[in-house]
Amino acid sequence: MAVPEIVDIAECVQYIGKATTLTDAELALLTQIKPFGEDAVRKYIGSSVTQATFTHFLPKNNSYQLRWGQNSIGQILRLPEFPLRSVTSVNVDRGAYAGTASGSFGSGTAWTEGTEFFPDIDESGISRFGHVVAINREWPADPRSIKIIYTAGWSAAELRGDVTNPRIDASGIRLGTLKTIAAAYSNAVNSQTSNAVGSTSVVGPISSEKIDNYAVTYAGATSTTTYNGSGVTVSVPDAALGDLKMFRRRNV
Amino acid sequence: MASSFQWVAYQERTNDKQFTLTESDRSTTLVLAATDKVRFKLGSLNQTTPSLDLEPDATANGSRVTVDDAATGLVTVRLAGADLADFHPGTYRGEFTIADDSEVSPADANEHTMLGVVTVVGTLGGNTGL
């Protein structure tokens with residue numbers, strides 16, 4: 001199953017203004033670029049964005065030395081995916097080794113919501129930071145000793161802005177994604193145009209440069225028989241940062 | 001062209017639009033046989049089931065595809081207002097397909113015809129009818 005889309009291809013076509021003029025070649029390029037743009041947005045935000053159910057083994061081992069049997073990581077468990085919507089199950093087993101140990105995460109290791117932990121849901125009905133709080137206890141520091149199954153991410157309705165609570169309106173993510181895809185598409189088109197095989201507009205390296213009354217001269221093409229482009233840049237453009245920044249997770 | 005049409009449709013309103021279907025080269029008129037079935041699909045994102053999947057048989061609310069002239073590929077699509085009621089205003093993907101009765105491998109091959117952009121616009125409620 002493919003990663004769920006953030007935007008539809010028709011929205012991309014509409015956004016770049018080619019609803020009635022799009023050629024097969026342009027649609028093919030847009031279809032190729034689109035997942036790269038969505039991936040760039042996911043990496044910038046730091047989550048998968050679209051709602052799904054995840055099974056994770058925590059905590060990660062981020063320290064140089066493994067913290068076996070050394071107390072805990074505290075009362076807050078920070079999940080990799082956010083926003084957190086619900087927790088299906090939690091199992092804590094210090095000898096589980098990410099589930100590779102025989103008999104790990106058995107029924108006796110289950111924690112009960114409301115007794116041993118609770119999801120840190122705020123007034124919007126979600127936990128934007130993806131936190132699960134241990135009750136009167138702390139989460140173990142043993143790497144991958146916690147198995148947690150949970151649902152996180154933004155629903156399709158929230159990504160469309162089809163919500164009554166503005167605090168869970170995630171339509172800014174779609175706008176930022178459209179801007180990112182459009183910028184990457186434009187970059188790809190320009191790269192193809194100027195660097196195509198046989199193109200006479202290929203630009204070579206700088207042959208001379210003058211600082212005062214700045215001027216630069218580019219050498220002629222070194223070859224017109226191969227594609228001379230250095231590749232397409234796919235990154236979140238400045239114009240999209242304002243749309244997406246609020247959906248990143250601050251270090252709390 | 002890969003994208004052939006743009007249609008603005010209004011919720012809670014009856015929307016009719018006539019199309020001339022073409023072959024995949026976007027210029028050769030599609031000639032429909034009497035036993036071919038034209039469908040219009042409306043949806044978005046990675047839906048395996050479109051939000052609307054219209055055929056010559058009308059939906060309960062009256063949405064349907066009507067072949068006006070088979071020899072010239074002229075069809076009319078009706079989007080009934082009630083069928084658009086649950087659509088959030090925005091941009092959707094519209095696609096025409098033809099189940100070609102003359103095809104044998106595969107039988108009744110489902111052929112892509114045209115792809116376009118359909119924008120659903122919200123409307124005001126209030127009085128309707130005569």
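Just so it is clear: chains get the letters A, B, ... in the order the sequence lines come, proteins before strands, and each one is counted from 1. Just so it is clear, the structure is predicted and the values come from calculations on it, not from any experiment.
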Practice task
Apply ring pair (Phe, Tyr, Trp, His ring centres under 6.0 Å) to A/F247 and list each qualifying residue two or more places apart in sequence or on a separate chain.
Solution key: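 Scan of A/F247 (ring pair (Phe, Tyr, Trp, His ring centres under 6.0 Å), adjacent residues dropped) gives A/W154.
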[X] [atom1] to [Y] [atom2] distance, which is reported to the nearest 0.5 Å:
| X | Y | atom1 | atom2 | result |
| --- | --- | --- | --- | --- |
| B/F5 | A/T20 | CZ | OG1 | 11.0 Å |
| B/L115 | A/I9 | CG | CD1 | 9.0 Å |
| A/L22 | B/Q6 | CG | CD | 12.0 Å |
| A/S171 | B/H88 | OG | NE2 | 7.5 Å |

Handout entry: Contact residues of residues 47-58 of chain A (partner chain B; heavy-atom separation under 4.5 angstrom)
Key =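 Hits under 4.5 Å: none found.
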Practice task
Using the side chain to side chain donor-acceptor pair (under 3.5 Å) rule, collect all pairs that involve residues 113-123 of chain B, keeping only residues at least two apart or in two chains.
Solution key: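 Matches after skipping sequence neighbours: none remain.
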Problem - Residues of residues 64-80 of chain B contacting chain A, heavy-atom criterion under 4.5 Å, by residue number - result: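 None at all.
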Exercise for the section: Specify the closest pair of heavy atoms between B/T91 and A/R160, including all atoms of both residues, with the distance to one decimal. Expected result: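 Smallest heavy-atom distance, with atoms named: O-NH2, 3.8 Å.
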Problem - Option that, when pairs with chain B are counted at under 4.5 Å, heavy atom only, ranks first among A/G161, A/A157, A/A10, A/A28 - result: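 Looking at each option in turn, the highest pair count goes to A/A10.
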